[in-house]
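The structure appears right after this line, and notes come after that.
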Amino acid sequence: MARVKVAVLISGRGSNLQALIDACSAPDFPAEIRLVISNRPDAPGLQRAERAGVPTRVIPHKKYGSRAEFDQAVERALNEAGIELVCLAGFMRIFDDAFVLRWHDRMINIHPSLLPAFKGLQAQAQALAAGVRFTGCTVHFVRPAMDEGPIIVQAVVPLLPGDDAERLAERVLAAEHKAYPLALRLIAEGRVRVVDERVQITDADAPAEDAILNPRP
Ligand code: GRF
């Protein structure tokens, strides 16, 4: 079985990277992480990659005079490693449109809200401020506009009495760690198609219907 060659781009903690590393460690998982790139030399996620024996590259954005030069350095690293799919996982840089277009439908991101709600930073605090009863996370294809693009997988997380942004973020993160490996698997299995900027998934099972009220009746 040819496994899809993946790069994971990080800037920090790398807990989603860890979830992807763990998923890829199963012998029958259809993707493998060939490269981890961080724009920050001190990103703790780099150690997770090293522990798992995954090659790492640090490409510090501050070293480059312009965004285009930084993007080119990333592009070179991806090409050298023969990368087929890019997974952004807490990567805090924005690529220019040319880079995003080159990786059209070959670059995905995870965001800690049910998009299109609560784009941008502090999505959990935004959800609390809005008083929604559910939030969650979204894995989506990357488009030039931030936190936009065809949605592949979402997971729902209820807001609970006494939640603050930190407690909510912990539960959203646990959902992220399930959603991201699932999205990667569906893509690597060739089951995901983008039609008119919406995702179609072959043989996708519907979720249980009994989890949609908060509070429970
Ligand atoms: C996650 O909440 C992800 O949704 C957001 O940044 C955070 C990264 O966390 N894009 P980690 O580095 O994967 O632990």
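In listed order, ligands and their atoms are each counted from 1. The structure presented is a predicted model; accordingly, all values stated were derived computationally and were not measured.
- No side-chain donor from either of Ser15 and Gln18 sits under 3.5 Å from a side-chain acceptor of the other.
- Contacts of Phe91 classified as ring-ring contact (aromatic ring centres under 6.0 Å, His included), with partners at least two apart in sequence or in another chain: Phe95.
- Remark: Glu148 engages Lys119 in a salt bridge, criterion side-chain N to carboxylate O under 4.0 Å.
- For Arg133, the side-chain contact (heavy atoms from CB on, under 4.5 Å) partners two or more places apart in sequence, or in a different chain, are Asn214, Pro215.
- For Lys5 against Ala81, the heavy-atom pair with the smallest separation is CD-O, 4.4 Å.
- For ligand 1, residues of the protein lying within 4.0 angstrom by heavy-atom distance are Arg13, Gly14, Ser15, Asn16, Gly90, Ile110, His111, Pro112, Leu173, Glu176.
- As a member of the Ile/Leu/Val/Met/Phe/Trp/Tyr network built from side-chain separations under 4.5 Å, Met92 groups with Leu121.
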